[in-house]
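First listed ligand is number 1; within each ligand, the first listed atom is number 1. As the structure is a computational prediction, the values presented were derived from the model and not from experiment.
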Amino acid sequence: MRQVMVAGNWKMNGSSESVKELIAGIKQGMDSAPDTEIVVCPPAVYIPRVSGAVDGTSIKVGSQNICDEDKGAFTGEISGDMLKDVGCEYAIIGHSERRALYGESDELVARRFAAARRNGIKPVFCIGETLEEREAGVTNDVCARQIDAVIALEGVEALADGVIAYEPVWAIGTGKVATPEQAQEAHAFIRGKIAALNADVAEGLRILYGGSMNPGNAKDLIGQADIDGGLIGGASLKAEDFLAICQAGS
Ligand code: 13P
């Protein structure tokens, strides 16, 4: 049985004050979602503060990226060791905004995935197609290509303790959510692809949906057979909405 996971990707939002309020609100209401693994991914500068605030609770902390190298002259990057040091258990890898806006290739994303694992951090590995790719009918090919880059570097077993987030790019921050059927179809493809290589890994792998998930659509999405939770952007910035999504998975 896969535990539902709901992770908040706060992206580049917040301030010392708002982060404090948001985490206090989540802590206050988290008992209403006892069966959901709750993860928050703040901007890197707020990770120590958030880690301190959730200490002693079951809320986990993740980063929004991780360097593919472990140490040295990589200005602006943050290593897995450092993220672990400030309490990160997860790291978002290969988010479409990183791929599209900062030119992260499938190969670089795979190296970041490897860096997370060798530092004991679980990757939340993001994949997904653009609108053009969906309309061209190549959704599965794109997802397969992105996954294959990780498998080529790390082997399929590397996905055993990881999480894949299927985030169709056209649904991110647009309010245009994938229908439960569209999302389930993609998730089933992803699980099937992994299963062809290793059935046990596929069975244990959690596949989250991301893209305009909100309190109104979360239950239908998470209710699908191969959807094991959500990676939430906009709706994770309000404690009430984020908790409602967490509850939808409990
Ligand atoms: P939205 O929930 O704002 O669409 O963002 C999804 C996302 O990119 C999570 O990583």
Side-chain angles (χ1 to χ4, degrees), residues 4-14 18-19 22 26 36-44 46-47 50 59-66 83 88-104 109 112-113 116 121-131 133-134 139 142-143 146-147 162-180 182-183 186-187 190 206-222 224 227-249:
V4 169
M5 170 173 166
V6 174
N9 175 7
W10 297 356
K11 306 191 180 181
M12 198 173 71
N13 293 292
S18 74
V19 160
L22 179 53
I26 296 170
T36 301
E37 181 177 19
I38 302 176
V39 181
V40 290
C41 303
Y46 298 126
I47 289 174
V50 170
I59 299 171
K60 315 264 173 64
V61 180
S63 64
Q64 297 177 14
N65 206 353
I66 186 170
L83 293 170
C88 285
E89 227 170 281
Y90 288 97
I92 296 173
I93 316 265
H95 191 279
S96 66
E97 287 149 17
R98 301 290 326 166
R99 293 177 189 264
L101 304 174
Y102 299 97
E104 292 192 12
V109 170
R112 292 192 192 273
F113 183 106
I121 292 178
K122 295 176 203 151
V124 178
F125 169 40
C126 300
I127 61 171
E129 82 288 1
T130 63
L131 184 59
E133 289 164 339
R134 174 159 284 264
T139 295
V142 171
C143 292
Q146 292 171 337
I147 293 171
V163 175
I164 287 183
Y166 169 66
E167 299 205 304
V169 179
W170 48 273
I172 295 178
T174 58
K176 265 195 243 160
V177 66
T179 64
Q182 280 175 323
H187 283 230
I190 294 161
R206 287 185 292 179
I207 309 176
L208 314 184
Y209 169 80
S212 299
M213 199 188 261
N214 62 39
N217 58 34
K219 212 171 178 64
D220 280 349
L221 286 160
I222 298 175
Q224 300 296 311
I227 302 184
D228 305 309
L231 181 57
I232 321 300
S236 72
L237 297 172
K238 275 198 203 137
E240 198 185 335
D241 288 353
F242 184 61
L243 286 166
I245 297 171
C246 295
Q247 281 161 29

Q | W10 and Q64 side chains, donor-acceptor separation under 3.5 Å | A | no

**Q.** Qualifying residues under ring pair (Phe, Tyr, Trp, His ring centres under 6.0 Å), relative to F113, sequence neighbours excluded
**A.** F125

Q) Does an N or O anywhere in I172 fall below 3.5 Å from an N or O of ligand 1? A) no

(Q) I need the nearest protein heavy-atom contact for atom 5 (O) of ligand 1: residue, atom name and distance, please. (A) K11 NZ, 3.3 Å

Q | atom 2 (O) of ligand 1: nearest protein contact (heavy atom, Å) | A | G233 N, 2.9 Å

Q) Under 4.0 Å from any heavy atom of H95, which atoms of ligand 1 are there? A) 7 (C), 8 (O), 9 (C), 10 (O)

**Q.** Per-residue contact class, N9 against ligand 1 - non-hydrogen pairs under 4.0 Å
**A.** side chain

Q | Which of the ligand 1 atoms, numbered from 1, are nearer than 4.0 Å to a heavy atom of G211 | A | 4 (O), 6 (C)

Q) Considering all heavy atoms of both residues, which atom of G128 and which atom of V142 are nearest to each other, and what is their separation? A) O-CG1, 3.8 Å

(Q) In terms of relative ring orientation, are Y166 and H187 parallel, tilted or perpendicular, with 30° and 60° separating the classes? (A) perpendicular

Q: Say whether S212 and ligand 1 are in contact under the criterion: heavy-atom distance to a ligand atom below 4.0 Å.
A: yes

Q: Using heavy-atom distances, let me know which of G210, G173, G234 sits nearest atom 4 (O) of ligand 1.
A: G173

Q: Please report which non-hydrogen protein atom sits nearest to atom 7 (C) of ligand 1, along with the residue it belongs to and the distance in Å to one decimal place.
A: E167 OE2, 3.2 Å

Q) Is ligand 1 under 4.0 Å from a heavy atom in the side chain of A171, in the backbone, in both, or in neither? A) backbone

**Q.** Closest approach of L208 to L231 (non-hydrogen atoms, all atoms of both residues)
**A.** CB-N, 4.2 Å

**Q.** Over 12 foreign heavy atoms within 6.0 Å of NZ, K238
**A.** no

**Q.** Distance-only donor-acceptor check, side chains E167 and H95, under 3.5 Å
**A.** yes

